[in-house]
J.: 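Have a look at this one before I ask anything.
By convention in this document, chain letters (A, B, ...) are assigned in the order of the sequence lines, proteins followed by strands, and residues within each chain are numbered from 1. Just so you know, these numbers come straight off a predicted model, no measurement behind them.
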Amino acid sequence: MLWDWSYAFEILPILAQASLVTIQATLLGFVLALVLGLVFALLRMAKSPWIALPVATLVEFIRSTPLLIQIFFLYFVFPEFGVSLDAFTAGVIALGLHYGTYCAEVYRAGLDNVPRGQWEASTALNLSPFHTFRDIIIPQAIPPVVPALGNYFVALFKETPLLSAIAVLELMQQAKILGSTTFRYIEPITLVGLFFLLFSLVASALIRMVERRLNRIGAR
Amino acid sequence: MVMRKLVVVAVVSFSAGLAVASFAGFREFIPGLLEGALVTIQITLAGAVVAVICATVAGLAKMYAPWPLRWLAVVYIELFRGTSALVQLFWLFFVLPLFGVTLAPMTVAIAALGLNIGAYGAEVVRGAVAAVPRGQWEATTALNMSRTQALRRIILPQAFVAMIPPWGNLFIELLKSTALVSLITISDLAFRAQQMNQTTFRTLEIFTIVLVIYLAIASIITVGMRALEQKAVGAMVRGRGH
């Protein structure tokens, strides 16, 4: 028998423990991505090309290079500048930065869809730029793009196994360790695959639910 | 406004050039890294071929095949979109040999990445075919074409044009995911970088050069796909789409 049930049940608690790290990295990384994405999107809209162009270049650069290399870069290069990050922090920052650039594009689409008249009305009401953004533009720009952001949440979740490359003890790393100590790779790696499949399916169902609720609020 | 933009571009690229030039002796890394880049390009090209074939077959099967095949296509798409590319790679690399199927690392890399991107591509194919106006189908019925004929000569050429931009994005995704194959012992660009880093500790130079090489390859893909799109649109307009 290739598949050993008793071994699978034996390693299940260990993998469950590791999955907590995976989920932590996903949540922290995504919060960072949401914040950085908004910052990138707003800076790209700046009137001065001294701000807008370098930010646009940075975003394009991060978007078109591999996440794995960026993780290595943060983990190995930052200590040279005297900033030592532990593996988990470096990984979360890399995830947040990479997906922040994707989120920036999503926010931009949302911001572009706010009708011009809203800006003009804010000017007419003498609102400061800060208040225009916080009270008028952002509340209209974000809800339509929530489903797109949700897709990136699932995508970010599926990238977390990359953190195993800098020895963060998340699901994949734990599975590899289990495999290398017992020489049984079938159960750990298959279980990890199933975990990802399950979580992705549940997450996409949740996103669809949020989408429906947002549509209902929008219709009201 | 345009002038100011040009000035900004000039200043930024000048300072970037200055930063690169200040890497003392970065040239010693270039030959090794370029060898790695060649492997990366090979995997990207072969993976792209696998991805396009898988995507076309699965996308069309999901729309038109009889139910067992349709069901198989849905399972393939959901399975490969729902799990992580690295997990798929490791599964093929570590678990398949235990079933008695041992593949070379290079084959595993091309198969895993091709199947992964192919699953995303299947949805692109399906979307593009579904977006061809209904009238086109009705016209093929009026002209007494069979369904296969209609797909091959009327529907797919039109869908092809709509597919090019999303495929461009997927090819860049594929290029970026080739960095994962360094974790299954293939000496691609990412693997070379790590190896050099471990022996020389010149981390900043090495990884910066690597990022620039990836960026260059990604730019080539972007430009190439844009040219292909223009050509395809031109061919469509002249009425020689197939």
Side-chain angles (χ1 to χ4, degrees), chain A residues 2 22 48-54 57 60-81 98 154-155 157-165 171-172 175-176 179-180 183-190 192-201 203-204, chain B residues 1 4-9 11-13 16 40 78-79 81-100 172-173 175-180 182-183 189-190 193-194 197-198 201-208 210-219 221-222:
Chain A
L2 274 167
T22 295
S48 157
W50 290 100
I51 300 172
L53 267 182
T57 315
E60 287 308 316
F61 184 72
I62 296 176
R63 274 163 58 90
S64 44
T65 51
L67 178 58
L68 183 64
I69 309 287
Q70 290 163 7
I71 292 175
F72 284 145
F73 194 88
L74 284 183
Y75 188 55
F76 294 122
V77 173
F78 270 43
E80 286 192 14
F81 296 115
H98 194 82
V154 179
F157 168 69
K158 286 186 293 176
E159 301 272 29
T160 54
L162 292 188
L163 301 190
S164 66
L171 210 47
M172 193 72 232
K176 268 197 293 184
S180 61
F183 295 105
R184 291 201 62 92
Y185 280 102
I186 301 186
E187 292 87 356
I189 296 186
T190 308
V192 170
L194 284 177
F195 171 80
F196 275 98
L197 188 62
L198 203 71
F199 191 98
S200 303
L201 291 177
S204 31
Chain B
M1 194 62 198
R4 253 172 90 197
K5 261 191 181 161
L6 277 177
V7 171
V8 173
V9 169
V11 169
V12 170
S13 47
T40 293
E78 291 303 321
L79 198 64
R81 291 201 322 165
T83 57
S84 168
L86 188 61
V87 177
Q88 291 157 20
L89 204 59
F90 277 0
W91 204 88
L92 289 184
F93 190 66
F94 287 115
V95 177
L96 267 194
L98 302 173
F99 290 106
I172 290 178
E173 284 298 316
L175 166 71
K176 292 194 290 175
S177 53
T178 58
L180 303 186
S182 64
L183 302 176
L189 189 49
Q194 260 187 294
N197 184 40
Q198 274 156 15
F201 294 106
R202 303 270 292 279
T203 316
L204 182 62
E205 287 97 326
I206 294 169
F207 281 111
T208 307
V210 167
L211 286 174
V212 170
I213 294 177
Y214 275 113
L215 183 67
I217 304 174
S219 314
I221 295 177
T222 309

J.: Quick one: what part of B:Leu180 sits under 4.5 Å from any heavy atom of chain A, side chain, backbone, both or neither?
T.: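 Answer is both: backbone and side chain atoms of B:Leu180 are under 4.5 Å from chain A.
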J.: Quickly, which of B:Thr208, B:Asn197, B:Leu204 forms a side chain to side chain contact (heavy atoms under 4.5 Å, CB included) with A:Val77? Name it, please.
T.: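 Among B:Thr208, B:Asn197, B:Leu204, the one meeting side chain to side chain contact (heavy atoms under 4.5 Å, CB included) with A:Val77 is B:Leu204.
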J.: From B:Arg81 CZ over to A:Ser204 OG, what is the distance, rounded to the nearest 0.5 angstrom?
T.: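 Output value for this atom pair is 8.5 Å.
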J.: Quick check on B:Glu173 against chain A: is it the side chain, the backbone, both or neither that has a heavy atom closer than 4.5 Å?
T.: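 It is the side chain, since no backbone atom gets that close.
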J.: Just verifying a value: how many Å separate B:Ile206 CD1 and A:Phe76 CZ, rounded to the nearest 0.5 Å?
T.: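 Reported to 0.5 Å precision, the distance equals 11.0 Å.
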J.: Find the distance between CZ (B:Phe94) and OG (A:Ser180) and round it off to the nearest 0.5 Å.
T.: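 Here the rounded value is 8.5 Å.
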J.: Need one label for B:Leu98: side chain, backbone, both or neither, based on atoms under 4.5 Å from any heavy atom in chain A.
T.: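 Both parts, backbone and side chain.
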J.: By a 4.5 Å heavy-atom criterion (distance strictly below it), what part of A:Ile186 contacts chain B: side chain, backbone, both, or neither?
T.: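 A:Ile186 touches chain B through backbone and side-chain heavy atoms alike.
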J.: Could you walk me through whether B:Thr83 and A:Lys158 pass the side chain to side chain contact (heavy atoms under 4.5 Å, CB included) test, one step at a time?
T.: CA-CA 7 Å; B:Thr83 57; A:Lys158 286 186 293 176; 5.8 Å; no
J.: Can you pull out every side-chain hydrogen bond (donor to acceptor under 3.5 Å, both in side chains) where at least one residue sits in residues 91-100 of chain B? Sequence neighbours excluded, please.
T.: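 Sorted result for residues 91-100 of chain B: A:Thr190-B:Trp91.
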J.: Which answer fits A:Leu162, side chain, backbone, both or neither, if we ask what part of it has an atom under 4.5 Å from a heavy atom of chain B?
T.: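 Contact with chain B: backbone and side chain both.
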J.: Take atom CZ in B:Phe99; do more than 12 heavy atoms of anything else shown fall under 6.0 Å from it?
T.: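 Buried by this count: over 12 neighbours within 6.0 Å.
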J.: Is it the backbone or the side chain of A:Phe81 that comes under 4.5 Å from a heavy atom of chain B, or both, or neither?
T.: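 Just the side chain, heavy atoms under 4.5 Å.
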J.: Identify the heavy atoms of B:Leu86 and A:Pro161 that sit nearest to each other, and give their distance.
T.: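 So the minimum-distance heavy-atom pair works out to CD2-O, 3.3 Å.
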J.: Looking only at heavy atoms, what is the nearest atom pair of B:Leu183 and A:Ala165, with distance?
T.: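 So the minimum-distance heavy-atom pair works out to CD2-CB, 4.0 Å.
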J.: In terms of heavy-atom proximity below 4.5 Å to chain A, should B:Ile213 be classed as side chain, backbone, both, or neither?
T.: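 When you check distances to chain A, no heavy atom of B:Ile213 falls under 4.5 Å.
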J.: Let me have the donor-acceptor pairs involving side chains of residues 60-73 of chain A, under 3.5 Å, with sequence neighbours excluded, atom names and distances please.
T.:
{"unit_1": "A:Ser64", "atom_1": "OG", "unit_2": "A:Glu60", "atom_2": "O", "d": "2.7"}
{"unit_1": "A:Thr65", "atom_1": "OG1", "unit_2": "A:Phe61", "atom_2": "O", "d": "3.0"}
{"unit_1": "A:Thr65", "atom_1": "OG1", "unit_2": "A:Gln70", "atom_2": "NE2", "d": "2.8"}
{"unit_1": "A:Gln70", "atom_1": "OE1", "unit_2": "A:His98", "atom_2": "ND1", "d": "2.7"}
{"unit_1": "A:Gln70", "atom_1": "NE2", "unit_2": "A:Ile62", "atom_2": "O", "d": "3.0"}
{"unit_1": "A:Gln70", "atom_1": "NE2", "unit_2": "A:Thr65", "atom_2": "O", "d": "3.3"}

J.: Do you know which of B:Ser182, B:Ala193, B:Gly82 has the most heavy-atom pairs under 4.5 Å to chain A?
T.: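 The candidate making the most pairs under 4.5 Å is B:Gly82.
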